[in-house]
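Notes for the one structure printed next.
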Amino acid sequence: MSYDLIVIGGGPAGYLGALRAAGEGLNTLLIEGRRVGGVCLNEGCIPSKTLLHSAKIYDYTRFSDKYGVTAKEVEYDHAKVIKRKNKVVRTLVAGINSQLKAAKVNLVTGYGRIEGRNSQGYVVRVGDDTYTGSRLLIATGSQPIIPPIPGVKEGIEKGIVLTNREILDLEEVPKSLVIVGGGVIGLEMASYYNSAGSQVTVIEMLDHIGGETDREISQILLKNYKAKGIDFKLEARVVSIDGNKVVYKSQGQETVLETDKILMSVGRRPVTEDLGLETIGVEVENGRIKTDETGLTNIPNVYAAGDVNGKSLLAHTAYREAEVCVNNMVGRRDIMRYNAIPSVIYTNPEVASVGETEETAKKKGLDVETVKLSMRYSGRYVAENEGGDGICKLVIDKKYNRLLGVHMIGNPASEIIYGAALMIETQMRIKDIKELVFPHPTVAEIIREGIFQL
Ligand code: NAI
């Protein structure tokens with residue numbers, strides 16, 4: 001069969017790319033090895049947020065006293081939570097399947113492998129069948145990095161060492177959980193399993209958690225987490241794993257921790273192996289498919305979007321990258337911009353940020369001013385976050401008088417941050433932001449408060 005476009009990989013970049021392409025009238029084939037929705041929908045963003053929502057309800061109920069509500073005999077049913085999570089995932093996967101069907105995207109289940117070119121285009125094999133596409137969109141995503149630590153492989157085989165996939169499907173809450181890596185996945189899972197009742201220890205090799213997160217915000221998160229009983233071993237490296245024992249080294253000293261389960265969350269890497277990329281000469285650099293600002297690889301009509309290009313590793317980036325690719329495929333010049341992509345850590349409290357931090361701005365030689373204010377400047381935040389100690393930071397370009405970055409910790413930061421992203425993306429001047437009317441009372445008003453501190 002011959003197609004205008006073959007999409008390999010049905011995660012956020014792949015399925016949305018296929019839908020957009022079909023919308024443009026391209027006869028499109030989507031090849032997915034497992035289930036459409038990819039990691040995000042099946043074993044990432046959506047299932048983790050479903051679990052975290054149950055944990056949040058549980059925490060609100062257990063600690064509702066401070067809001068004047070007393071709840072007795074509050075119980076947590078993890079098995080039921082997992083069951084609901086599976087239902088949520090099923091519903092959304094079914095939704096995507098029906099959208100693909102309605103858009104007349106052909107879906108083939110199986111792993112696609114490129115096998116070169118013929119007169120009609122690029123040839124892709126799935127099992128015994130071959131397909132030809134005049135264009136390709138490679139959207140094979142990423143997979144967890146499994147570090148070469150002695151004992152990890154055996155731990156995976158025994159079901160003691162888990163990745164983001166298995167941790168979302170545990171039938172029982174482990175009594176103890178060691179999380180290797182205090183990045184996004186580690187912190188979200190620490191939040192969930194701490195609420196669900198595990199004794200959680202996070203081992204992180206850096207001296208801070210949350211990766212690139214604004215340092216002051218990651219300190220506040222750390223303080224909040226410690227208060228909830230999560231243990232942190234910072235500047236610590238796991239040396240080996242032996243059954244249920246984790247050996248880590250910190251300041252030259254080795255310590256052994258016994259634990260029920262171990263989560264490996266030390267990062268993800270693009271999936272580029274066994275794809276036959278070499279058969280058409282697609283350039284791979286440091287394990288990532290190299291693309292330009294339009295999503296095009298070094299080969300004509302071969303595009304790549306999402307985690308596989310290693311640029312941002314976020315589902316929402318993947319959506320936009322796929323759209324940029326499709327726009328260029330149909331002759332509408334479009335480019336990808338990365339300066340206003342929001343990022344959220346769905347902990348409780350939530351952390352959200354967009355744009356430059358003071359550190360990154362200064363590294364770029366920009367003349368910036370930072371406004372920092374307590375989230376308590378927002379009446380709604382005070383009303384709804386008893387004892388909350390969140391902050392919001394605005395990074396302002398002094399030369400052009402515009403917003404370059406917003407960083408906040410406090411609920412519901414995840415729902416507010418897109419407003420800041422909009423201001424940054426559209427390069428709004430401070431004087432123009434001052435004229436915006438925010439609904440009152442909302443936590444989002446914190447941005448307005450911050451702007452008026454200038
Ligand atoms: P990550 O890159 O966010 O964090 C990995 C952490 O592990 C880093 O802090 C690193 O210093 C640490 N580390 C690395 N090797 C270590 C070792 N041997 N011992 C101890 N610590 C070590 O990676 P993570 O959390 O696995 O997430 C993967 C990707 O998934 C991220 O790039 C993220 O963008 C994406 N993701 C995004 C989410 C969101 O947007 N809310 C949620 C979950 C994942």
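One-based numbering, in listed order, for ligands and for the atoms of each.
Judged by a 6.0 Å distance limit and a 45° cone about the ring axis, Arg62 is positioned over the six-membered ring of Tyr58.
Rounding to the nearest 0.5 Å places CG of Leu234 at 7.5 Å from CD1 of Ile209.
Nearest protein neighbour of atom 1 (P) of ligand 1, counting heavy atoms only, is Gly183 CA, 4.1 Å. Counting protein heavy atoms only, atom 39 (C) of ligand 1 is closest to Val344 O, 3.4 Å. Looking from atom 23 (O) of ligand 1 to the surrounding protein, the closest heavy atom is Gly267 CA, 3.2 Å. Looking only at heavy atoms of the protein, atom 34 (O) of ligand 1 is closest to Leu313 O, 2.9 Å. Taking atom 44 (C) of ligand 1 as the reference point, the nearest protein heavy-atom neighbour is Ile185 CG1, 3.3 Å.
Taking every heavy atom of Ile203 and a limit of under 4.0 angstrom, the matching atoms of ligand 1 come to 20 (C), 21 (N). Residue-ligand proximity, Tyr346 to ligand 1, at heavy-atom distances under 4.0 Å covers atoms 41 (N). Each of the atoms 11 (O) of ligand 1 lies under 4.0 Å from some heavy atom of Leu206.
At most 12 non-hydrogen atoms from other residues, nucleotides or ligands lie less than 6.0 angstrom from NZ of Lys372. In the displayed structure, Phe232 atom CZ is contacted under 6.0 Å by more than 12 heavy atoms of other residues, nucleotides or ligands.
Comparing Arg268, Arg237, Arg269, Lys49 by heavy-atom distance to atom 29 (C) of ligand 1, the nearest is Arg268. With Gly181, Cys40, Ser265 as candidates, the residue nearest to atom 5 (C) of ligand 1 on a non-hydrogen basis is Ser265. Considering only non-hydrogen atoms, atom 33 (C) of ligand 1 lies nearest to Val184 out of Val351, Val184, Ile179. For atom 11 (O) of ligand 1, the choice among Met205, Glu204, Lys249, Glu212 with the nearest heavy atom turns out to be Glu204.
Remark: Asp231 does not engage Lys226 in a salt bridge, criterion side-chain N to carboxylate O under 4.0 Å. Under a 4.0 Å N-O distance rule, the pair Glu278/Arg113 qualifies as a salt bridge. With salt bridges taken as basic N to acidic carboxylate O contacts below 4.0 Å, one links Lys56 and Glu350.
Distances between N or O atoms of Ile345 and those of ligand 1 include no value under 3.5 Å. Between Val180 and ligand 1, no pair of N/O atoms sits closer than 3.5 Å. Considering backbone and side-chain atoms together, Leu314 places no N or O closer than 3.5 Å to any N or O of ligand 1. In terms of polar-atom proximity, defined here as any N/O pair under 3.5 Å, Ile149 makes no such contact with ligand 1.
Remark: the Arg332 side chain and the Asn327 side chain contain an N/O donor-acceptor pair separated by less than 3.5 Å. No hydrogens or angles considered: a donor-acceptor pair under 3.5 Å links the side chains of Thr291 and Lys311. For the residue pair Glu166 and Thr163, a side-chain donor N or O sits within less than 3.5 Å of a side-chain acceptor on the partner. Inspection of the Asn411 and Asn348 side chains reveals an N or O donor paired with an N or O acceptor under 3.5 Å.
The backbone and the side chain of Val266 each have at least one atom closer than 4.0 Å to an atom of ligand 1 (non-hydrogen atoms only).
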